[in-house]
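Written out below as structure tokens is the structure these notes cover.
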Amino acid sequence: MTKAILVLNSGSSSIKYGLFKAEPGGEKLMRGVIERIGAGAEIEDTRGRMSLPLPETAGHMKVLQWLAADLLERLEDVEIVAAGHRVVHGGHEFGHSALVNPEVIGQILELSPLAPAHQPHNLAGIAALGQIWPEIPQVACFDTAFHQTQPRLAQIYALPRALTEEGVLRYGFHGLSYDYIASQLPKHLGAGAAEGRVIVLHLGHGASVCAMHGRKSVATSMGFTALDGLVMGKRCGDIDPGVIFYLMRDKGLSLVEAEAVVSNEAGLLGVSGISSDMRDLQSSDAPEAKEAIDLFVYSAVKQIGSMAATLEGVDAIVFTAGIGENSPEIRRKILERCCWLGVDLDVSANAIGRPCLTTPQSRVSGWVIRTDEEREISEQTCALISK
Ligand code: ADP
């Protein structure tokens, strides 16, 4: 029997999953994604794409029950020995991944209001697996944990001290992705350069930037919640908090309505009025689509400048996640505006998505490195259960 770790990244309408051999660097045995949960779920894996044989409205529990049965049927010679989950917010409490128990579940639940679009779904995955396979240890892996190495000044807001002590801090997110990228830097940049000053741009539906030194996080663009920083698919990124007071006090929006404006109706979607998906904007001729892309690029360039100042220089810039990995046009637009930092773009290497995007003379090297959050969760789970 092959011992394996099941990894779940459970979101509002999708579940990404992976199965890895339960050993450090263990082979990836399977991966897939279930989308449109609650509206006619479909699975995509090595068999292609198909509808799940479930009622249209089936939620996370039913979908995971189906997935568990499907995995058991397909993998006769595999024994699932642990499950690892992505959990977006670990707050102050979790500097590392944690074995799930009722107390840990309570703490994750308490942090839900800080990540309302993610945390409840992460917990739904944990609860469902706990019922389906109660004997299997489950591990929660946090997106905030990687940033706990940041110096205090990068973490605190200029708020009254009592609020800081209560935990109103910049936590930062996408930490599982950044942790994975940090593990890959030596392979691409070389052992010495990997320890230098590196700015990583995770550009997906959610987007953020992380400044690393010695492969540790020293600053990041997201803060107390995942709304801050870059322009995102539907989130506004940097905003004057006064806008929210204006929406509520002068325009009479309720709290829920104001939250929806900045977290679901803003970003690429809000500016373009067309779509939150970068591909749709790139294939549109509308001036609003162009402006949304320009603002996305502008916000990324501004964040790179801020991170470079924090690091007091920069040795490498790395792109990852859906947009970062797949859009030469966005990478080019961003890197062309980093010449002043010492970036000399290799246009043809960028066009074909070579890992190294810059010329040999470039003072700052540019890279595209595919992220793998599921792999990172598997590694963290494996490390914890073997302790
Ligand atoms: P998530 O945050 O949901 O994990 P992803 O990392 O999958 O998101 O990134 C999703 C984003 O990547 C979408 O905006 C999508 O349009 C964009 N994307 C994917 N492929 C391409 C491509 N070839 N060109 C431009 N954008 C792309």
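Positions are given from 1 along the sequence. First listed ligand is number 1; within each ligand, the first listed atom is number 1. The structure presented is a predicted model; accordingly, all values stated were derived computationally and were not measured.
- With Ser276 contributing its side chain and Gly233 its backbone, the two residues share no donor-acceptor pair below 3.5 Å.
- No side-chain donor-acceptor contact under 3.5 Å links Arg332 and Asn350.
- At a cut-off of 3.5 Å, with distance as the only test, a side-chain donor of Glu376 or Gln380 sits close to an acceptor on the other residue.
- Sorted by chain and number, the heavy-atom contacts of ligand 1 below 4.0 Å come from Lys16, Gly204, His205, Gly206, Asp277, Met278, Arg279, Gln282, Ala321, Gly322, Ile323, Asn326, Ser327.
- With hydrogens and angles left out, the side-chain atoms of Thr2 and Glu79 include no donor and acceptor closer than 3.5 Å.
- Applying the ring-ring contact (aromatic ring centres under 6.0 Å, His included) test to Phe173 and every residue at least two apart in sequence or in another chain returns His89.
- Taking the six-membered ring where the residue is Trp, the centroids of His96 and Phe142 are separated by 6.0 Å or more.
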